Amino acid sequence: MSTPEGTNLQRLTDAGLIMEDLPEPHQAVVEGLTDDEVEILLSIRSRLDEADKRHGLEPPGPGEPPGFTTYVIF
Amino acid sequence: VPTPSARLRRKLDLARAAFATPGRLLLQEPRAQELCPQYLAAGSYVTLAMVPLMETALDRARALAVDDPVAEGLMGYLERHIPEELHGGAPGRAALDDLEAMGVDTNALRARPLPPKMAALIGTLYFWIWHRHPVAILGLLELEAFHPHAQTVEELIQKTGLPRDGFRQLLLHAELDAHHAEELHRVLDSLPLTPEHEQLVALSALQTMALLIDTWLDVVAGEAPIAPSAPADAGAAPVLQP
């Protein structure tokens, strides 16, 4: 997947947070992310990378819904 | 992307897999029985702070409502939603009952210093509600869309062998939160939100997700003992299923 250099899309793709081509409307949302939002997303990725080194993370199953293994009460 | 709720969901989709990762690790963990009460205790700080945070947001919304249509709309929503979250009891009491069924000393849990990341999460939300806009509360509430699923709660009960009574609220919220999330999306789309409001809601949701992920990964790694066990003579020690 090729994305314009220096964009939010590229930063999040390089970090492994975006793994596939996004539809155009979704790309527009990603490009509209603020720097604060992008930095939080990158911090999440970095934390998962640490956990991956320790545990070896498996990707979620296909079609796994949001919160599938989220054990918290909101 | 036509609506605020859809734009918010697209943003949070970027963290969706990450938010489910610590729970998947817990399910795979050989020490799941030992770690599960710690894991649920970590999340319980958010559960316990939720109604007080909503009440703070409601107070701020009432103060701003005269000349702020977003605050006015938020006020109406919170006046309806807070009683729903109480479930007829004291805020967080039912979640504490569940933790006690797993042998957690909930008096000690509430008396000792909060884990720093949970203190940061709750403190940041209070700060934004007061100093930016009470609409920040909707970022926390949006996470009801990431509700637990009954199937994976059952897997956790099976895996840990912990008493079923320790999972009552997770099972209940597997049903309730899906409805709450739908209502919240209708509210988000009915408020006259500016881009700044939308950014604050998204930032609040993402920050909450990031700090919960971080804390849960610490727990799964065995690095953050959070939940003190109840004294054996208090009668609240875990009773393991056969």
Side-chain angles (χ1 to χ4, degrees), chain A residues 1 3 7-74, chain B residues 1-2 7 10-29 36 39-40 42-44 46-47 50 94-95 98 140-141 143-149 151-153 155-156 169-170 172-173 177 180 195 199 202-203 206-207 209-210 212-214 216-217 220-221:
Chain A
M1 185 166 84
T3 57
T7 62
N8 286 342
L9 202 55
Q10 188 197 31
R11 293 178 73 193
L12 297 177
T13 301
D14 289 349
L17 277 156
I18 297 173
M19 308 286 280
E20 57 191 13
D21 284 328
L22 298 178
E24 184 67 35
H26 198 164
Q27 287 186 27
V29 171
V30 172
E31 284 310 332
L33 291 170
T34 64
D35 287 346
D36 287 338
E37 291 167 336
V38 171
E39 288 306 319
I40 290 177
L41 287 165
L42 293 176
S43 77
I44 290 172
R45 181 69 253 173
S46 168
R47 187 67 180 86
L48 284 186
D49 287 344
E50 281 176 36
D52 192 16
K53 283 179 195 158
R54 183 188 296 262
H55 301 281
L57 299 179
E58 294 172 17
E64 187 173 288
F68 199 51
T69 50
T70 303
Y71 301 116
V72 64
I73 302 156
F74 290 111
Chain B
V1 180
R7 287 190 287 275
R10 293 290 83 77
K11 291 180 181 182
L12 303 193
D13 273 349
L14 297 166
R16 185 174 90 170
F19 200 50
T21 295
R24 283 195 293 118
L25 288 173
L26 179 64
L27 272 178
Q28 297 161 12
E29 175 57 54
C36 182
Y39 191 102
L40 298 181
S44 76
V46 179
T47 312
M50 196 151 175
D98 284 6
L140 173 63
L141 299 181
L143 298 189
E144 290 188 84
F146 294 77
H147 57 83
H149 286 244
Q151 175 192 336
T152 51
V153 177
E155 282 179 41
L156 191 59
Q169 287 300 304
L170 279 175
L172 178 66
H173 281 255
D177 287 354
H180 290 170
Q199 286 162 8
L203 195 60
L206 288 170
Q207 175 87 320
M209 294 170 94
L212 278 169
I213 290 167
D214 207 353
W216 284 329
L217 288 175
V220 174

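Chain A is the first sequence line, chain B the second, and so forth, proteins listed ahead of strands; every chain is numbered from 1. Being a predicted model, the structure only gives us computed values, none of them experimental.
Between L14(B) and L33(A), the closest side-chain pair of non-hydrogen atoms falls below 4.5 Å. Side-chain contact check for V29(A) versus K11(B): some heavy-atom pair is nearer than 4.5 Å. L217(B) places a side-chain heavy atom less than 4.5 Å from the side chain of L48(A). Using a 4.5 Å heavy-atom cutoff, the side chains of H173(B) and F74(A) are not in contact.
For a residue to count as touching a neighbouring chain, one of its non-hydrogen atoms must lie under 4.5 Å from one of that chain's; by this rule L26(B) touches chain A with the side chain only. Contacts of I213(B) with chain A are made by side-chain atoms alone, with heavy-atom separations under 4.5 Å and no backbone atom involved. Using a 4.5 Å cut-off between heavy atoms, L12(B) does not touch chain A at all.
Applying the side chain to side chain donor-acceptor pair (under 3.5 Å) criterion to R10(B), with sequence neighbours excluded, gives D13(B). Residues that satisfy the side-chain contact (heavy atoms from CB on, under 4.5 Å) test with A42(B), not counting sequence neighbours, are T215(B), W216(B), V219(B), I226(B).
Within the 3.5 Å criterion, the main-chain N or O of H147(B) finds no donor-acceptor partner in the side chain of T70(A).
Nearest heavy-atom pair across L206(B) and I44(A) is O-CD1, 4.4 Å. Across V72(A) and P148(B), no two heavy atoms sit closer than the pair O-CD, 3.6 Å. Taking all atoms of both residues into account, the shortest heavy-atom contact from T34(A) to Q199(B) is CG2-CD, 3.4 Å.
Between Y39(B) and Y71(A), the ring planes are perpendicular. Angles over 60° get that label, and only those under 30° would be called parallel.
Highest contact tally toward chain A, considering only P195(B), A210(B), S44(B), is held by A210(B) [criterion: heavy-atom pairs under 4.5 Å]. Here L156(B) is the residue among L40(B), L140(B), L156(B), L212(B) with the most heavy-atom pairs under 4.5 Å with chain A.
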